[in-house]
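What follows is a short report on a single structure.
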Amino acid sequence: MSTNLAEIAIRDGKKLADEIKSATTESQLDELENKVEKYTIFLDDNFSNSDDSLPEDDRFCELSFYIYMALNEKRDHLEYYNAHPEVISDGVQDFLDYLKSMEWT
């Protein structure tokens, strides 16, 4: 896999994680959903672990799961994270850990 594509995935992933961490309203998270969807399409197109003989729509990168998990976990516990801004969302931390691991490449 191209190093440049991995670098883009890491850069954009970190940026999205920061945006999810700093989101304080449902509407901010709703707006991020479109960015996350575009990011996961990029990941699935370039880093899918699925058999290339599968249709494009069935290809999946595990990192896509983690970024959606981060977004949904933040949404589910928004009130808690707003009351405790020093605490990083578990979903975001899991995403960043998996991103750093490079196991998705």
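These numbers come from a predicted model, not from an experiment. We count residues from 1, following the sequence as given.
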Next on the checklist: Let's go through Val36 and Tyr68 carefully: what are the C-alpha distance in whole Å and the side-chain angles of both, what is the deciding distance for side-chain contact (heavy atoms from CB on, under 4.5 Å) to 0.1 Å, and is it a yes or a no?
Outcome noted: CA-CA 7 Å; Val36 167; Tyr68 273 116; 3.7 Å; yes
Checklist entry - Should Tyr98 and Glu103 be marked as a side-chain hydrogen bond (donor to acceptor under 3.5 Å, both in side chains) after you check the CA-CA gap, both sets of side-chain angles, and the distance that decides it? => result CA-CA 7 Å; Tyr98 195 66; Glu103 291 178 34; 4.6 Å; no
Item to check | Stepwise side-chain contact (heavy atoms from CB on, under 4.5 Å) check, Gln28 with Thr25 | outcome: CA-CA 5 Å; Gln28 288 174 322; Thr25 66; 3.1 Å; yes
Straight-line distance of [X] [atom1] to [Y] [atom2], nearest 0.5 Å:
X: Met69; Y: Asp94; atom1: CE; atom2: CG; answer: 4.0 Å
X: Ser64; Y: Phe95; atom1: OG; atom2: CZ; answer: 9.0 Å
X: Thr105; Y: Asn46; atom1: OG1; atom2: CG; answer: 12.0 Å
X: Leu16; Y: Lys21; atom1: CG; atom2: NZ; answer: 12.0 Å
X: Glu79; Y: Thr24; atom1: CD; atom2: OG1; answer: 13.0 Å
X: Leu63; Y: Ile67; atom1: CG; atom2: CD1; answer: 7.0 Å

Checklist entry - Strictly by modelled atom types, are Ser89 and Gln93 linked by a side-chain donor-acceptor pair under 3.5 Å? => result no
Checklist entry - Tyr81, Val92: one ILVMFWY side-chain cluster at the under-4.5 Å cut-off? => result no
Checklist entry - Are Met102 and Ile8 co-members of a hydrophobic cluster defined by side-chain heavy atoms under 4.5 Å apart? => result yes
Checklist entry - Which residues satisfy the side chain to side chain donor-acceptor pair (under 3.5 Å) test with Glu86, sequence neighbours excluded? => result none
Using a strict threshold of under 4.0 Å (side-chain N to carboxylate O), is an ion pair present between [Y] and [X]?
X: Asp97; Y: Lys100; value: no
X: Glu19; Y: Lys74; value: no
X: Arg75; Y: Asp30; value: yes

Next on the checklist: Determine whether a donor-acceptor pair (N or O, by modelled atom type, separation under 3.5 Å) exists between the side chain of Asp44 and the backbone of Phe60.
Outcome noted: no
Checklist outcome for this item: Residues at least two apart in sequence or cross-chain that pass side chain to side chain contact (heavy atoms under 4.5 Å, CB included) with Asp76, listed by chain then number, are none
Next on the checklist: If you apply the rule side-chain contact (heavy atoms from CB on, under 4.5 Å), what do you find for Arg11 with Lys15, and how did you get there?
Outcome noted: CA-CA 6 Å; Arg11 180 197 66 211; Lys15 182 179 177 189; 5.9 Å; no
Item to check | Steps toward side-chain contact (heavy atoms from CB on, under 4.5 Å) verdict (Glu62, Phe47) | outcome: CA-CA 9 Å; Glu62 289 180 0; Phe47 300 100; over 6 Å; no
Item to check | Considering all heavy atoms, the nearest Asn82-Ala23 contact | outcome: OD1-O, 4.2 Å
Next on the checklist: Looking at every non-hydrogen atom in both residues, tell me the closest pair between Tyr39 and Ala9 and how far apart they are.
Outcome noted: OH-O, 2.7 Å
Checklist entry - Do the non-hydrogen side-chain atoms of Leu99 and Tyr66 ever get within less than 4.5 Å of each other? => result no
